[in-house]
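Just so it is clear: chains get the letters A, B, ... in the order the sequence lines come, proteins before strands, and each one is counted from 1.
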Amino acid sequence: MKLATWNVNSLRVRLEHVLDWLAPKEGVQSAGQDMDVLVLQELKLSDDQFPTQAFKDIGYESVFLGQKTYNGVALLSRHPIKGVVKNIPGFDDEMARIISAEVLGVRVVGGYFPNGQEPGSEKFAYKMRWLEALEAWLAQLCKESAPVVLMGDYNITHIDLDVWDPVGLADTIHCTKEERARFEALLNLGLVDAFRSLHPDQKTFSWWDYRGGGFRRNHGLRIDHILISQALSSKLLNCDVDPTPRKLERPSDHAPVWVEIKNS
DNA sequence: ATGCCTCAGCTCCTGAGA
């Protein structure tokens with residue numbers, strides 16, 4: 001089973017990139033080929049503008065929680081989608097940040113975690129509240145029978161190895177102790193960082209700033225993550241970032257991250 | 001140097017992103 005996450009920074013602008021990644025043209029190889037589930041973030045469009053038919057045409061059903069201008073999340077699947085959940089149950093949120101569903105017996109949660117802007121700001125406080133609510137919900141999900149995959153744009157670097165300039169960016173947004181403690185709290189539920197468990201020493205990024213030639217100079221962060229429950233970690237085959245779409249014309253600032261798990 | 005880039009929108013500037 002293959003699953004992936006991708007912050008597309010406007011689905012309207014990036015639709016062709018997503019379609020080509022999942023269903024490449026004849027003779028072209030793509031890490032997105034044969035993807036079972038893909039979650040998307042930062043759609044930046046309302047539900048009535050979601051391109052349901054374009055995905056249906058390449059064999060994917062979709063569920064989504066859209067929002068005009070900001071945020072917005074979707075889950076695409078080649079298999080039947082059950083038990084759809086939108087946003088964190090019991091957490092009142094005006095922003096569209098979570099889409100979850102059960103696919104092939106796996107509880108998939110796709111998330112666009114808050115940015116937080118700056119430590120100490122009101123947006124940072126919201127990020128902390130949101131992360132605590134997510135953790136409480138995931139604690140419940142991890143106790144249930146279905147294995148869990150929590151993936152998306154976390155807007156958190158776990159360790160300094162996830163940061164191109166850990167000294168210059170120390171304690172700045174995405175790199176604070178408070179954010180990293182919330183990431184660790186998710187790991188303490190029994191979830192495993194799929195990429196890091198396979199590549200313990202690799203300095204690989206999933207996001208590069210548009211400004212200052214960030215991608216060209218590999219000035220990036222690893223902030224897009226795939227956490228999998230223990231039952232799945234024993235069947236983990238592969239996990240990687242695919243930088244290919246970041247090299248296209250008008251790319252998203254994020255690259256997709258994918259995972260492959262052995263079928264049971 | 002509150003910039004360097006990109007996107008949406010009550011669009012020719014502003015807010016937000018990370």
Side-chain angles (χ1 to χ4, degrees), chain A residues 5-18 39-51 64-74 93-98 110-131 134 151-183 195 203-226 241 243 245-257:
Chain A
T5 176
W6 193 357
N7 180 325
V8 291
N9 183 18
S10 169
L11 184 57
R12 193 177 286 109
V13 176
R14 236 66 67 187
L15 180 60
E16 290 305 316
H17 289 192
V18 178
V39 292
L40 302 172
Q41 300 91 38
E42 285 208 88
L43 307 179
K44 297 187 175 180
L45 42 78
S46 49
D47 283 350
D48 58 299
Q49 298 176 316
F50 190 87
F64 43 85
L65 179 60
Q67 184 182 326
K68 188 180 166 187
T69 313
Y70 301 112
N71 311 310
V73 285
D93 200 344
E94 289 179 2
M95 304 188 202
R97 296 193 175 278
I98 290 278
Y112 175 48
F113 294 31
N115 174 296
Q117 202 161 56
E118 195 183 350
S121 66
E122 175 47 43
K123 286 180 181 174
F124 190 82
Y126 162 73
K127 182 175 193 170
M128 290 300 122
R129 287 199 303 276
W130 191 93
L131 287 166
L134 178 76
M151 57 182 173
D153 176 1
Y154 283 56
N155 275 317
I156 301 173
T157 60
H158 179 208
I159 56 175
D160 283 351
L161 189 57
D162 303 324
V163 182
W164 73 274
D165 180 11
V167 174
L169 295 173
D171 302 317
T172 62
I173 195 67
H174 309 123
C175 304
T176 67
K177 290 179 186 66
E178 294 94 324
E179 293 164 283
R180 289 178 174 184
R182 299 265 62 85
F183 187 90
F195 179 86
K203 195 156 189 161
T204 294
F205 308 129
S206 64
W207 171 88
W208 301 263
D209 204 315
Y210 283 125
R211 299 168 294 183
F215 184 69
R216 182 173 46 81
R217 300 156 75 173
N218 199 27
H219 291 179
L221 303 174
R222 192 175 74 96
I223 51 176
D224 300 87
H225 303 289
I226 302 178
V241 177
R246 190 64 176 76
K247 301 168 186 169
L248 300 173
E249 294 261 321
R250 289 186 93 192
S252 168
D253 43 358
H254 296 253
V257 185

S.K.: Given the C1' atoms of B/dA1 and B/dC12, what is the spacing between them in whole Å?
M.R.: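 Between the two C1' atoms, the distance is 24 Å.
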S.K.: What closest approach, in Å, do A/Asn71 and A/Ala96 show between heavy atoms, and which atom pair accounts for it?
M.R.: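 Nearest heavy atoms, A/Asn71 then A/Ala96: CB-O, 3.3 Å.
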S.K.: What does A/Asn71 touch in the nucleic acid at a heavy-atom separation under 4.0 angstrom: a base, only the sugar-phosphate, or nothing?
M.R.: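 Here A/Asn71 touches no strand at all.
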S.K.: Quick one: side-chain contact (heavy atoms from CB on, under 4.5 Å) partners of A/Leu248, sequence neighbours excluded?
M.R.: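 With neighbours one apart ignored, the set is A/His17, A/Pro245.
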S.K.: List the atom of A/Arg250, the atom of A/Arg14, and the distance in Å for their closest heavy-atom pair.
M.R.: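 Scanning both residues completely, I find the closest heavy atoms to be O-NH1, 2.7 Å.
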S.K.: With a non-hydrogen cut-off below 4.0 angstrom, is A/Arg217 in contact with a base, only sugar-phosphate, or nothing?
M.R.: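 Touches nothing.
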S.K.: Let me know, please, whether A/Arg12 or A/Trp207 comes out on the 5' side of the other along DNA chain B by nearest nucleotide.
M.R.: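 Closest to the 5' end, via its nearest nucleotide, is A/Arg12.
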S.K.: Checking all strands, does A/Ile223 fall into the base, sugar-phosphate, or nothing category for heavy-atom contacts under 4.0 angstrom?
M.R.: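 It contacts sugar-phosphate atoms only.
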S.K.: A/Phe215: what forms a ring pair (Phe, Tyr, Trp, His ring centres under 6.0 Å) with it, not counting sequence neighbours?
M.R.: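 By the ring pair (Phe, Tyr, Trp, His ring centres under 6.0 Å) rule, A/Phe215 matches A/Trp208.
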S.K.: Quick one, which residues of residues 152-170 of chain A touch DNA chain B with a heavy atom under 4.0 Å?
M.R.: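 Only A/Asp153, A/Asn155 qualify.
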S.K.: Syn or anti for B/dC12, with syn set at within 90° of 0?
M.R.: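 Anti for B/dC12; the angle lies over 90° from 0.
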S.K.: Might you point out which heavy atoms bring A/Val163 and A/Ile159 nearest each other, and give the distance in Å?
M.R.: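 So the minimum-distance heavy-atom pair works out to CG2-O, 4.0 Å.
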S.K.: Test of understanding: with ring pair (Phe, Tyr, Trp, His ring centres under 6.0 Å), list the residues that count as partners of A/His174, not counting sequence neighbours.
M.R.: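 A/His174 satisfies ring pair (Phe, Tyr, Trp, His ring centres under 6.0 Å) with no residue once adjacent residues are dropped.
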S.K.: Both A/Gly213 and A/Ile173 contact DNA chain B. Which one's nearest nucleotide lies toward the 5' end?
M.R.: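 Going by which nucleotide is closer to the 5' end, it is A/Gly213.
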S.K.: Hey, does A/Lys123 reach any base, or is it just sugar-phosphate, or nothing, if we go heavy atoms under 4.0 Å?
M.R.: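 Sugar-phosphate contact only.
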S.K.: Looking only at non-hydrogen atoms, find the nearest pair between A/Trp6 and A/Ala255 and report the distance.
M.R.: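 Looks like CD1-C, 4.0 Å.
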S.K.: With A/Tyr154, which residues qualify under ring pair (Phe, Tyr, Trp, His ring centres under 6.0 Å), at least two apart?
M.R.: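 So A/Tyr154 forms a ring pair (Phe, Tyr, Trp, His ring centres under 6.0 Å) with A/Phe113, A/Phe183, A/His225.
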S.K.: Just the endpoints, please: which first and last nucleotides of DNA chain B, 5' to 3', lie under 4.0 Å from a heavy atom of chain A?
M.R.: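 Range of nucleotides within reach of chain A: B/dC4 to B/dA18.
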S.K.: So which atom in A/Ile226 and which in A/Met151 form the shortest heavy-atom distance, rounded to 0.1 Å?
M.R.: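 Scanning both residues, the minimum pair turns out to be CG1-CB, 3.8 Å.
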S.K.: Mind checking if A/His219 touches a base, just sugar-phosphate, or nothing, with heavy atoms under 4.0 Å?
M.R.: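 No contact.
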S.K.: When the C1' atoms of B/dT11 and B/dA16 are considered, how many whole Å apart are they?
M.R.: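 Each nucleotide's C1' atom is 16 Å from the other's.
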S.K.: Using the C1' atom on both, measure B/dC10 against B/dT14 and round to a whole Å.
M.R.: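 Here B/dC10 and B/dT14 have their C1' atoms 12 Å from each other.
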